[in-house]
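No hydrogens, no waters, no symmetry mates; every other heavy atom, side chains included, goes into these values.
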Amino acid sequence: MAEIEKQKEKVVAEATVQIDQEGLPKTIVRRVVKEKLSQLSTDTDISLLRDSLLAFSESARLFIHYLSATANDICKESKRQTINAEDVFKALEEIEFPELIEPLKASLEGFREKNSKRKSASSKSPESNKKAKLKEPVENGKGKKKEQPSDNENEDAQAGEEVNEVEDSVDD
């Protein structure tokens, strides 16, 4: 009888370690739960016990596993190897959470817009990054660093090479 109890304790301890290793970051789970609770109950600040936080975290992890497995099945049925957003939407419907689809689509659209703005802003700056890189010192093959020529110096050197090539061809 005592041996069975020890085995149960061992299984519980292993499960707890597994939850800690695979679980979502506790600070993020706490923040998400507290934000939602503050929206629902504006009059008091609700505190969370450690066990409740662990239960939220484990529930979210299990939901993600179930949703990803279902989305994976949908993807395989379509003879593809990459899960896309539509697979996730279909999986939500299949596991009977259709009310999450519209908020998720809106959130995904907002994320895409934010990223497209960020990409367009960063695509304007590569020209300035390119000029900054040209001024950085580079190794000259002998372990010594020398400064790269500026754009004007590059153009002058190229023009000089073109003149030399023309002169060489005239000499022939």
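Counted within 6.0 Å of CD on Gln39, heavy atoms from surrounding residues, nucleotides or ligands total more than 12; the atom is thus considered enclosed. Around atom CD of Glu99, more than 12 heavy atoms belonging to other residues, nucleotides or ligands sit under 6.0 Å away.
Remark: Glu77 CD to Asn72 CG distance equals 10.0 Å, nearest 0.5 Å. Separation of atoms CG (Leu62) and CD (Glu58) is listed at 4.5 Å; rounding is to 0.5 Å. From Leu100, atom CG reaches atom OG of Ser107 across 11.5 Å, with rounding to the nearest 0.5 Å. Expressed to the nearest 0.5 Å, how far CZ of Arg61 lies from CG of Leu54 amounts to 10.0 Å.
Across all non-hydrogen atoms, the minimal contact from Arg30 to Leu53 is NH2-CD2, 3.2 Å. Heavy atoms only, all atoms of each residue included: Cys75 and Ile83 are closest at SG-N, 3.9 Å. Across all their heavy atoms, Phe89 and Leu104 have their closest contact at CE2-CD2, 3.5 Å. Contact record, Leu24 with Ser57: N-OG, 3.5 Å, taken as the closest heavy-atom pair.
Of the possible polar contacts, none joining the Ser41 side chain to the Leu37 backbone as a donor-acceptor pair under 3.5 Å is found. Of the possible donor and acceptor atoms, one in the side chain of Asp87 sits under 3.5 Å from a partner among the backbone N and O of Asn84. A donor-acceptor pair under 3.5 Å links the side-chain atoms of Ser122 to the main chain of Lys119, judged by distance alone. Listed for the Ser38 side chain is a donor-acceptor partner under 3.5 Å among the backbone atoms of Lys34.
Between Leu67 and Phe97, every side-chain heavy-atom pair lies at or beyond the 4.5 Å cut-off. Under the 4.5 Å side-chain criterion, counting only non-hydrogen atoms from C-beta, Phe56 is in contact with Leu48.
For the pair Lys90 and Glu93, the salt-bridge criterion is not met [side-chain N within less than 4.0 Å of a carboxylate O].
Under a hydrophobic-cluster definition in which Ile, Leu, Val, Met, Phe, Trp and Tyr are linked whenever side-chain heavy atoms come within less than 4.5 Å, directly or via other members, Val32 and Ile64 are assigned to different clusters.
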